[in-house]
Amino acid sequence: MTEDTFSPPTSEWYYPSEEIVNNAWVSDYDALYAEAMSDIEAFWAKRASETLDWFEPWEQVLDRSNAPFFKWFVGAKTNIAHNAIDRHVKTWRKNKVAFIWEGEPGDRQTITYWQLWQQVNKFANVLKSMGVTKGDRVTIYMSRIPELVYTMLACAKIGAVHSVVYAGFSEQALSDRIDDAQSKVLVTQDGSWLRGKIVRLKDTVDEAVRRSPVVEKVIVARRTNHEIHMESGRDYWFDELMALPVASPYCETEVMDAEDPLFILYTSGTTGRPKGVLHTHGGYQVYTSTTLQWVFDIKDDDRWWCAADPGWITGHSYIVYAPLILGATSFIYEGAPMHPYPDRWWRMIEEYGITILYTAPTAIRSLMRFGEAWPNRHDLSSLRLLGTVGEPINPEAWRWYHRVIGKERCPIMDTWWQTETGGFIVTPMPSVGLKPGSATRPFPGLDVDIVDEEGNSVPAGEDGYLVIKQPWPSMLRTVYGDPDRYVGQYWSAYEKQGWYLAGDSARKDEDGYIWVIGRIDDVIKVSGYRLGTAEIESGLVSHPAVAEAAVIGIPDELKGNVIYAYCILVAGVDGNDALVDELKEHIRHEVGPIAIPAKIEFVDKLPKTRSGKIMRRVLKARAQGLPVGDLSTLEE
Ligand code: WT7
């Protein structure tokens, strides 16, 4: 929920059972937290050396000399693909199941570590044959199918930098991201299944590539088998390439520097330009695997299901990299949660014996709407832990998830983090007491505080800005191609102190528990998707009828927030219902279906400050029928 619907901390506690605490990897959070904070470098170095392979060791754990451009495991040689796959095929895990996959139409695949390793090697050789070399960017536009995982890992293996663009983004958004990364190779699929229908991904790609001539080769995985256009000399079928002799099942893993880039992931910020968050091989593997192991208590016999999309950071870290590093078995489901009936998820949990489910508040709320009968038809007793991410979870949804899905047995890990942080930052572990709606406390090694504008810690119960006071291994290293934006966005607010500004407001309660309230910037979370007001506004004004636009987030019971748009039309244009529909369709193509406003209103004026900045607060208050507050800075 957002600021407007935030309910204050409650004194409602939930404690995990003794059995859970005793069996957990971490059964004493406080002791571990104290140990980590006494020497964070020693703490991370120990994890890095005990749990991962390195081709060459580091000379220095953390280099702060060019802050905020921090470096971790300086001088070490590694490759995350080695730790995620190569090393497992030399152990008993070779025949362990890495992924169980179910497509929306009901087709299935089981992929062992050995099979995964072979597919990745083969596709790595295909990419090489297409001229992809170390440091080259590869854009990936795919849905939740196994080929997406193969492609990401194949890039990592040869030292290429992947840029996964969520398959719900439009041709324009895709083209902007291709151009920013300057990718010569793009990997996609013919179409994906969603709610029983085909989403024509390749059509979107054709249009994006027309706008981005930098792309020379397009590799197309076959999924829906509908008729698509294949441009000769540019487009190749994934399966046909994999059948060529060049796709041999062994490809040497590239030796990477710990600080070499692993991927770019575009996320929304305060301007319309895509912001390429850059993560690296070394620190990222240490942090993501440690957090997954301890927070979700991953054991060899678990069946882990992170229901996110690999197109977002959650999928990068906790579908692809961390579970594989831990040698875990994961489940991936391709399609929509309610298809064909609202018990699809519960049927799959029962059938596959899922032990841990990690999803988002918006999914929980929409499943909740269908009532308890659907989950109650299924045996959910395999579940032992639950998780949530993406936005604050309202206590009501938390309690429903806990009672109806977890049968009051399963602690809920409410993990607060960001694309930029790479992994969980404020999060419970299965051994700590929980309060519905609070992400609880920082992960060991993380120094998180809630401060005012000057940087003073705010007293318990008061709002402030969430900051991170010490670097951590999976922090973003820069904004791709724009180091000034990296410094300005995250490090300038508390430049003197050298703290990271997350962009969220939060409170601490008297127990030191953190309650995240929402974004302080022009970012709107719609169903957990992160959208920038500027992206949507520039999408609207790119329509010839629109002169000016302002976009706000309005609290919504199901989606967390929905988008309201206010448009000033160019002189002489009539603002009617047909134009509303046209603008919605326009946004679908400019940004993507997730950015379509719930409401578009035509206005003559927008509330602005004297310096011309739109006062979103005034629009928000008006839309919700609330008092508008201080208007002394209002110009129009
Ligand atoms: C923003 C980051 C990290 C994976 C998915 C989102 C909000 C995220 C929580 C949570 C309250 C949360 C914050 C944050 N957020 N998790 N558990 N409780 N708010 O990544 O798209 O980069 O968005 O999501 O506002 O800043 P993202």
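FYI, side chains are in, hydrogens and waters are out, and symmetry mates aren't considered; it's all heavy atoms of this structure. Numbers for residues simply follow the sequence, beginning at 1. Counting convention: from 1, in listed order, for ligands and their atoms alike.
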Using a 3.5 Å cut-off on N/O to N/O, what pairs does ligand 1 make with the protein? A line per pair would be great.
residue: ligand 1; atom: 15 (N); partner: Gly390; partner atom: O; Å: 3.3
residue: ligand 1; atom: 16 (N); partner: Gly390; partner atom: N; Å: 3.1
residue: ligand 1; atom: 17 (N); partner: Asp414; partner atom: OD1; Å: 2.7
residue: ligand 1; atom: 17 (N); partner: Thr415; partner atom: O; Å: 2.8
residue: ligand 1; atom: 18 (N); partner: Glu391; partner atom: O; Å: 3.4
residue: ligand 1; atom: 19 (N); partner: Pro392; partner atom: N; Å: 3.4
residue: ligand 1; atom: 21 (O); partner: Lys525; partner atom: NZ; Å: 3.3
residue: ligand 1; atom: 22 (O); partner: Thr419; partner atom: N; Å: 2.8
residue: ligand 1; atom: 22 (O); partner: Thr419; partner atom: OG1; Å: 2.5
residue: ligand 1; atom: 22 (O); partner: Arg530; partner atom: NH1; Å: 2.7
residue: ligand 1; atom: 23 (O); partner: Lys525; partner atom: NZ; Å: 2.8
residue: ligand 1; atom: 24 (O); partner: Gly390; partner atom: O; Å: 3.3
residue: ligand 1; atom: 24 (O); partner: Lys525; partner atom: NZ; Å: 2.9
residue: ligand 1; atom: 25 (O); partner: Asp504; partner atom: OD1; Å: 3.0
residue: ligand 1; atom: 25 (O); partner: Asp504; partner atom: OD2; Å: 2.8
residue: ligand 1; atom: 26 (O); partner: Gln418; partner atom: NE2; Å: 3.0
residue: ligand 1; atom: 26 (O); partner: Asp504; partner atom: OD1; Å: 2.9
residue: ligand 1; atom: 26 (O); partner: Asp504; partner atom: OD2; Å: 3.2
residue: ligand 1; atom: 26 (O); partner: Arg519; partner atom: NH1; Å: 2.7

The criterion is salt bridge (Lys or Arg N to Asp or Glu O under 4.0 Å); which residues satisfy it with Arg616, sequence neighbours excluded?
Asp522, Glu537
Check: Tyr287 ring centroid to Trp72 ring centroid under 6.0 Å:
no
Residues forming a salt bridge (Lys or Arg N to Asp or Glu O under 4.0 Å) with Asp449, sequence neighbours excluded:
Lys469, Lys508
What pairs of residues pass the side-chain hydrogen bond (donor to acceptor under 3.5 Å, both in side chains) test when at least one of them lies in residues 328-337, not counting sequence neighbours?
Arg223-Glu334, Tyr333-Arg344
So do the side chains of Val448 and Leu466 get within less than 4.5 Å of each other, counting heavy atoms only?
yes
Verify the ring-centre separation between Tyr513 and Trp515: is it less than 6.0 angstrom?
no
